[in-house]
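Everything on this sheet refers to the single structure shown next.
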2 protein chains.
Amino acid sequence: MNIGDVSRRSGLPAKTIRYYEEIGLIRPQRSENGYRSFRERDLHKLAFLGRARALGFTIEDCRTLLGLYEDEGRESAQVKRIAEHHLGQIDDKIAQLQSMRATLDHLVHACAGDHRPDCPILEDLAQKIPEGLSCESERVR
Amino acid sequence: MNIGDVSRRSGLPAKTIRYYEEIGLIRPQRSENGYRSFRERDLHKLAFLGRARALGFTIEDCRTLLGLYEDEGRESAQVKRIAEHHLGQIDDKIAQLQSMRATLDHLVHACAGDHRPDCPILEDLAQKIPEGLSCESERVR
DNA sequence: AATGGGGACTCCAGTCACTGGAAGGTCAAG
DNA sequence: CTTGACCTTCCAGTGACTGGAGTCCCCATT
């Protein structure tokens, strides 16, 4: 299989697949013409990576998860720890976004949105310190 | 005011303030010794930027919002449009994260997390195509 | 044999919003 | 005179790709 086939079958862009090789997540063989030559096993790995990424795991988590997947002697506790930690991060992000959302929604509703210059959104930004959203707090990435 | 004072009073790291100058969000004057010299107005702008960033607006949105803030002839509709669009983005992100969260939470609960290698999380990543989370779908940034 | 089109290859630069660090200048206190 | 806290610039790195340039390869058609 060439990269185009694998791209179609895994749903990952060819660019991404090359990138994954570059950072050592996969090691496809090469044909005589220099083209990457993928086996079913590579495709399987890429699909695994695609799904792990779709769940929001970082590339480094994906690397670890792939390693555990191929390690017969793994303990499911190792996998669970990674997943739980990630779940915690997701919860943090959701909380932060919901806090932003609440403030923003309030402001949007307060703004007339007409031709006049008066705007509670700008007034808020110019003055208020949104609680729990001070500049010290961590940002959602 | 030197950058340290402004940093303390705005809550923004000095590095960030220098960066904001570099990209033209602020234009502090300079003292004879080459130090940046901030006025109250600059501090006010920085606080504005910090709050807009805390609400998740992009830098370019912040630039526009700051411009509108200083434009007496603005229409509040312009501000509202930006805020509404941003609110929509936030809602999309929240929805995506909640979808991830649901799948992940389910998997975490299904995993024993003990010394044995059997792991539903890995099995899922290796086989299932999570609905609504296929690789084509946009990623949360 | 020439040509055209669709892949594939590498390499470099850009994204976003900072952040870290090196190497050096300035200033007030002890 | 030295110390240490500031300040300066400049360069590189982050994460996970993405875009684009320039070149090469393969197959089919003219």
Side-chain angles (χ1 to χ4, degrees), chain A residues 1-26 28-38 42 46 49-66 86 89-90 93 96 100 135-141, chain B residues 1-26 28-38 42 46 48-66 86 89 93 96 100 135-141:
Chain A
M1 269 185 292
N2 283 347
I3 202 166
D5 308 310
V6 182
S7 171
R8 270 180 295 278
R9 291 180 59 188
S10 69
L12 295 171
K15 279 265 182 194
T16 300
I17 297 171
R18 292 196 193 97
Y19 173 68
Y20 285 175
E21 181 189 14
E22 194 187 318
I23 62 172
L25 285 178
I26 49 164
Q29 294 184 304
R30 294 286 176 140
S31 310
E32 292 197 0
N33 60 12
Y35 287 14
R36 286 168 186 80
S37 178
F38 298 84
D42 297 313
L46 285 169
L49 289 168
R51 290 191 283 264
R53 291 287 301 129
L55 283 179
F57 285 104
T58 64
I59 287 285
E60 283 319 302
D61 277 349
C62 290
R63 192 191 299 279
T64 309
L65 290 171
L66 206 48
H86 180 44
Q89 307 257 92
I90 288 177
K93 275 188 205 167
Q96 191 127 40
M100 285 180 187
C135 310
E136 273 95 336
S137 70
E138 260 188 56
R139 299 252 149 75
V140 170
R141 309 263 165 225
Chain B
M1 270 183 292
N2 283 347
I3 202 166
D5 307 309
V6 182
S7 172
R8 269 180 295 278
R9 291 182 58 188
S10 69
L12 295 172
K15 279 268 182 190
T16 299
I17 297 171
R18 291 195 194 97
Y19 172 68
Y20 286 173
E21 182 189 15
E22 194 187 318
I23 62 173
L25 286 178
I26 49 163
Q29 294 184 305
R30 295 286 177 140
S31 311
E32 292 196 359
N33 59 13
Y35 288 14
R36 285 169 185 81
S37 178
F38 298 84
D42 297 312
L46 286 168
F48 183 102
L49 289 168
R51 290 192 283 263
R53 290 288 300 128
L55 284 179
F57 286 104
T58 64
I59 287 284
E60 283 319 301
D61 277 349
C62 290
R63 193 190 300 278
T64 309
L65 290 171
L66 205 48
H86 181 43
Q89 308 257 91
K93 275 188 207 168
Q96 190 128 37
M100 285 180 188
C135 310
E136 273 94 335
S137 69
E138 261 189 55
R139 298 253 149 75
V140 170
R141 308 262 166 223

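All values reported here derive from a predicted model rather than from experimental measurement. Computed over heavy atoms, backbone and side chain alike; hydrogens, waters and symmetry mates excluded. Each chain gets a letter, A, B and so on, in the order its sequence line appears, and its residues count up from 1.
- Listed pair B:Arg53 / C:dC16 fails the phosphate criterion, with no side-chain N or O lying under 4.0 Å from OP1 or OP2.
- Side-chain atoms of A:Arg18 lie closest to C:dA8 of the nucleotides D:dT8, D:dA16, C:dA8.
- Taking every side-chain heavy atom of B:Pro13 into account, C:dT19 is the closest of C:dA17, C:dC18, C:dT19.
- For B:Ile23 and C:dT19, the CD1 to P distance is 12 Å, given to the nearest whole Å.
- Side-chain proximity of A:Lys15 to C:dA17, C:dG25, D:dT18: nearest is D:dT18.
- Using a 4.0 Å cut-off, some side-chain N or O of B:Arg30 falls inside it from OP1 or OP2 of D:dT9.
- At C:dT26, none of the side-chain N or O atoms of B:Arg36 fall inside 4.0 Å of OP1 or OP2 (strictly under the cut-off).
- Side-chain atoms of B:Ile3 lie closest to D:dC7 of the nucleotides C:dA17, D:dA16, D:dC7.
- Nearest heavy-atom pair across A:Leu12 and A:Gly50 is CD2-CA, 4.1 Å.
- Residue order along DNA chain C, read from the 5' end via each residue's closest nucleotide, puts A:Asn2 first among B:Glu60 and A:Asn2.
- Counting to the nearest Å, the C1' atom of D:dG19 and the OH atom of A:Tyr19 are 16 Å from each other.
- Among all heavy-atom pairs drawn from B:Ser37 and B:Ser31, the shortest one is CB-OG, 3.6 Å.
- For A:Ile3 against A:Arg36, the heavy-atom pair with the smallest separation is CD1-CD, 4.2 Å.
- Atom CG in B:Asp61 sits about 12 Å away from atom P in C:dC16, given to the nearest Å.
- At least one side-chain nitrogen or oxygen of B:Asn33 sits closer than 4.0 Å to the OP1 or OP2 atom of C:dC27.
- Protein atom CE of A:Met1 is 12 Å distant from nucleotide atom P of C:dA8, rounded to whole Å.
- At least one side-chain nitrogen or oxygen of A:Thr16 sits closer than 4.0 Å to the OP1 or OP2 atom of D:dT18.
- Contact between B:Asn2 and B:Tyr35 at its shortest, heavy atoms only, is ND2-CD2, 3.8 Å.
- The side chain of A:Ile59 approaches D:dC17 more closely than any other nucleotide in the set D:dC17, D:dT8, C:dG7.
- Smallest separation of non-hydrogen atoms from A:Ile59 and A:Arg53: CD1-CD, 3.8 Å.
- The base of C:dG25 lies close enough to the side chain of B:Tyr35 for a donor and an acceptor atom to sit less than 3.5 Å apart.
- As rounded to whole Å, 13 Å separates atom C1' of C:dA8 from atom CD1 of A:Ile17.
- Here B:Tyr20 does not reach the OP1 or OP2 of C:dA17: none of its side-chain N or O atoms lies under 4.0 Å away.
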